[in-house]
Amino acid sequence: MIAYIDGKLAYKDPTYVIIDVNGVGYQIKIPLSTYSSLPTGERCRLQTYLHIKEDAHTLYGFTTTAEKETFLLLISISGVGPNTGLMILSSLTVEEIQQAIVREDVRTIQQVKGIGAKTAQRVILELKDKIKKDALTDTTSIPAAAHNTNRAEALSALVTLGFAKTVAEKTLDAIIKREGSNLSVEELIKFALKSS
């Protein structure tokens, strides 16, 4: 319903912010990662999710689309409400959450305050396939953000061309190790096609 809010940051707290939009102050609950990236008193834009209950309408805000999408995935799980979703995003980065789910690392998710073993297992079980499908980049293998984007685009292209995803990932990682991390998407694809 409310996709984002753009205005002046009037108040900032580790758990919520108030954004002034033309004289109307919107109180928005946020994770710690959003808190640390917002400059006080300046104009900002938050991706938002409006949670409606019988007794409350609550806005949740995020600086990145990845945070918002991860939050929406988390709250789609039975037993994980918006506040628990925020707690997970405050304790772990989006990448850490994705890696824990893909690697079926129950312990990492269980370290979050208020998450028990059963909930952690449910998070992994229900989101494993969605995360694997969405996460075209393996953030552990390559630290450079621009390079990750090139790798993701090359991987997507190779899968479209008929490569098995796991084979394409290994091939791209080998090319990057051998040729360096400054290759364009086209160069990555060409090297991959030559090596197969």
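Below, each value reflects all heavy atoms present in this structure, side chains not excepted, and no hydrogens, waters or symmetry copies. Residues take their numbers from the sequence shown, with the count starting at 1.
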Cluster check I75, L89: I/L/V/M/F/W/Y, side chain < 4.5 angstrom = yes
Inter-residue atom distance I176.CD1 - N182.CG, 0.5 Å rounding = 10.5 Å
What side-chain donor-acceptor pairs closer than 3.5 Å can you find for residues 105-115, not counting sequence neighbours?
{"residue": "D105", "atom": "OD1", "partner": "R107", "partner atom": "N", "Å": "3.4"}
{"residue": "D105", "atom": "OD1", "partner": "T108", "partner atom": "N", "Å": "3.3"}
{"residue": "D105", "atom": "OD1", "partner": "T108", "partner atom": "OG1", "Å": "3.3"}
{"residue": "D105", "atom": "OD2", "partner": "T108", "partner atom": "OG1", "Å": "2.4"}

Which pairs pass salt bridge (charged side-chain N to carboxylate O under 4.0 Å, His left out) with one or both residues in residues 65-76, sequence neighbours excluded?
-> none
Contacts of Y26 that satisfy ring-ring contact (aromatic ring centres under 6.0 Å, His included) - sequence neighbours left out = none
Cluster overlap L72 with L127, hydrophobic side-chain contacts below 4.5 Å | yes
Min side-chain heavy-atom separation T63-S33 under 4.5 Å | no
So does N22 have more than 12 non-hydrogen atoms from other groups sitting under 6.0 Å from CG?
-> no
One should read off an interatomic distance between I175 CD1 and L188 CG, to the nearest 0.5 angstrom, of 6.5 Å
Is there a chain of hydrophobic side chains (I, L, V, M, F, W, Y, each step under 4.5 Å between heavy atoms) that links I28 to I2?
-> yes
State whether the side chain of T70 and the backbone N or O of A66 hold a donor-acceptor pair below 3.5 Å, judged by distance alone.
-> yes
How far apart are the closest heavy atoms of L74 and G85, and which atoms are they?
-> CD1-O, 4.1 Å
From CD (E126) to CD1 (I101), nearest 0.5 Å = 10.5 Å
By salt bridge (Lys or Arg N to Asp or Glu O under 4.0 Å), which residues pair with E104, not counting sequence neighbours?
-> K128
Please identify each residue that fulfils ring-ring contact (aromatic ring centres under 6.0 Å, His included) with F62, with sequence neighbours left out.
-> F71
Nearest 0.5 Å please: distance from the OG1 atom of T34 over to the CD atom of Q47.
-> 10.0 Å
Report yes if some heavy atom in the side chain of L86 is under 4.5 Å from a heavy atom in the side chain of L32; otherwise report no.
-> no
Minimum side-chain heavy-atom gap K29-T58 below 4.5 Å = yes
Rounded to the nearest 0.5 Å, how far apart are CG of D13 and CD1 of I30?
-> 7.5 Å
Check whether any side-chain heavy atom of D173 sits under 4.5 Å from a side-chain heavy atom of K177, and report yes or no.
-> no
Determine the interplanar angle of the Y49 and Y60 rings, folded into 0 to 90°, and report it as parallel if under 30°, tilted if 30 to 60°, perpendicular if over 60°.
-> tilted
Here the side chain to side chain donor-acceptor pair (under 3.5 Å) pairs for residues 2-12, sequence neighbours left out, are D6-R43, D6-R45
Minimum-distance pair of heavy atoms, taken over all atoms of S90 and P31 = OG-CA, 3.2 Å
Linked, directly or transitively: Y16 and L38 (ILVMFWY side chains, under 4.5 Å) = no
Heavy-atom side-chain contact between T93 and E96 under 4.5 Å | yes
Backbone of S184 reached by a side-chain donor or acceptor of E187 within 3.5 Å = yes
Find out if a path of hydrophobic residues (ILVMFWY) with successive side-chain heavy-atom gaps under 4.5 Å connects I189 to V167.
-> no
Any side-chain heavy-atom pair of L155 and L172 under 4.5 Å = yes
Intermediate values then yes/no, side chain to side chain contact (heavy atoms under 4.5 Å, CB included), S76 and K130 | CA-CA 12 Å; S76 71; K130 289 179 187 175; 4.2 Å; yes
I would like to know whether T119 and V80 meet side chain to side chain contact (heavy atoms under 4.5 Å, CB included); could you show each step before the answer?
-> CA-CA 8 Å; T119 304; V80 178; 3.9 Å; yes
